[in-house]
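Some notes on the structure that comes next.
Count residues from 1 along the sequence. Remember, it's a predicted structure, so these values are computed and weren't measured experimentally. First listed ligand is number 1; within each ligand, the first listed atom is number 1.
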Amino acid sequence: MSVTIKTAREIELMREAGRLLEIVHNQLGEFIKPGITTQDIDRLGEKLIRNLGCTPNFLNYNGYPASICVSVNDEVVHGIPNSRKVLQEGDIVSLDAGLIYKGYHSDAARTYAVGAVSKEAQQLMDVTKQSFFEGIKYARPGYHLNDISTAIGAYAEKFGYGVVRDLVGHGIGTHLHEDPQIPNFRQKRRGIRLVPGMTLAIEPMINIGRADVEWMDDDWTVVTQDGSLSAHYENTVLITEGEPEILTLTR
Ligand code: MF3
Ligand code: CO
């Protein structure tokens, strides 16, 4: 499909989808502590989404069996919640969540510390989040998609981290995944020109070690090949005439 430009009415709906998802994420963030299972997180997340009158968009997406992707330590993304997987002090856990509000999708991810974590783990989370903000400096008219990708990758690589290459961000709207694909590292081509009304899910996935990832036997969970820690940070972003509007981060 081609890149969609949202109308004023659609932008209002995307904004609300984003605002509601931020509420879900904030409540999930407060729930994170040692001793809970990744299934507890999914159960709460699904309930929060439905209580807001929305639908979880990940549930049954290409057969994905849950509402929230919960990825611990060396799991990069798409970890499947499990009643036997208990969070331990010192873990880092990424929560990727999305919802549909009146036909419009939002998508965002956060990585949290479980109790006290190592300095190395904390720096990885901080740099991953900051790489998103480095990228969106270019999320405005006058720039091309590759300006975002280059800025994200260059920032993370300064720290010696591996920038995941096998998974990308994406356009978002009436579908969870729309064009364009948004890599988190420099491309040979400049990509599309950014114009107001585009809504983009920008989502760096960064490893402490090498960039290489592999898929587990469940065909969903993506893990680092070298077993190193990985972090994920994502927001749904609106391109405007000026500063980008982060729809899933309003405060
Ligand atoms: N933010 C993730 C992505 O864009 C959401 C995955 S949805 C899943 O790929 F259902 F496939 F898990
Ligand atoms: Co996404």
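Contact check on Glu203 versus Lys129 returns no salt bridge, with no Lys/Arg side-chain nitrogen under 4.0 Å from an Asp/Glu carboxylate oxygen. The pair Lys137-Glu243 fails the salt-bridge criterion, with no side-chain N (NZ, NE, NH1 or NH2) lying under 4.0 Å from an Asp/Glu carboxylate O. A salt bridge links Lys85 with Glu75; the closest basic N to acidic carboxylate O contact falls under 4.0 Å.
Taking the ring centroids of His177 and Tyr61, they lie under the 6.0 Å cut-off.
The Co ion (ligand 2) has Glu234 among its coordinating residues (N/O/S atom, backbone or side chain, under 2.8 Å).
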One line per pair, note the atom names and distance for all nitrogen or oxygen contacts under 3.5 Å between ligand 1 and the protein.
| unit_1 | atom_1 | unit_2 | atom_2 | d |
| --- | --- | --- | --- | --- |
| ligand 1 | 1 (N) | Asp96 | OD1 | 3.2 |
| ligand 1 | 1 (N) | Asp96 | OD2 | 2.6 |
| ligand 1 | 1 (N) | Asp107 | OD1 | 3.0 |
| ligand 1 | 1 (N) | Asp107 | OD2 | 3.0 |
| ligand 1 | 1 (N) | Glu234 | OE1 | 3.1 |
| ligand 1 | 4 (O) | Asp107 | OD2 | 3.3 |
| ligand 1 | 4 (O) | His170 | NE2 | 2.9 |
| ligand 1 | 4 (O) | His177 | NE2 | 2.8 |
| ligand 1 | 4 (O) | Glu203 | OE2 | 3.1 |
| ligand 1 | 9 (O) | His78 | NE2 | 3.3 |
| ligand 1 | 9 (O) | His177 | NE2 | 3.3 |

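Classified by interplanar angle (parallel below 30°, tilted 30° to 60°, perpendicular above 60°), the ring pair Tyr233/Phe133 is tilted.
Results of the side chain to side chain contact (heavy atoms under 4.5 Å, CB included) test with Met198 over Ile192, Ile172, Leu238 single out Ile192 as the only residue that passes.
With the Co ion (ligand 2) as the vertex, NE2 (His170) and OD2 (Asp107) define an angle of 90°, rounded to 10°.
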(request) Give the intermediate values and the outcome of side-chain contact (heavy atoms from CB on, under 4.5 Å) for residues Val70 and Val93. (result) CA-CA 7 Å; Val70 186; Val93 60; 3.5 Å; yes

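The Co ion (ligand 2) is closest to atom OE2 of Glu203 (considering only N, O or S atoms).
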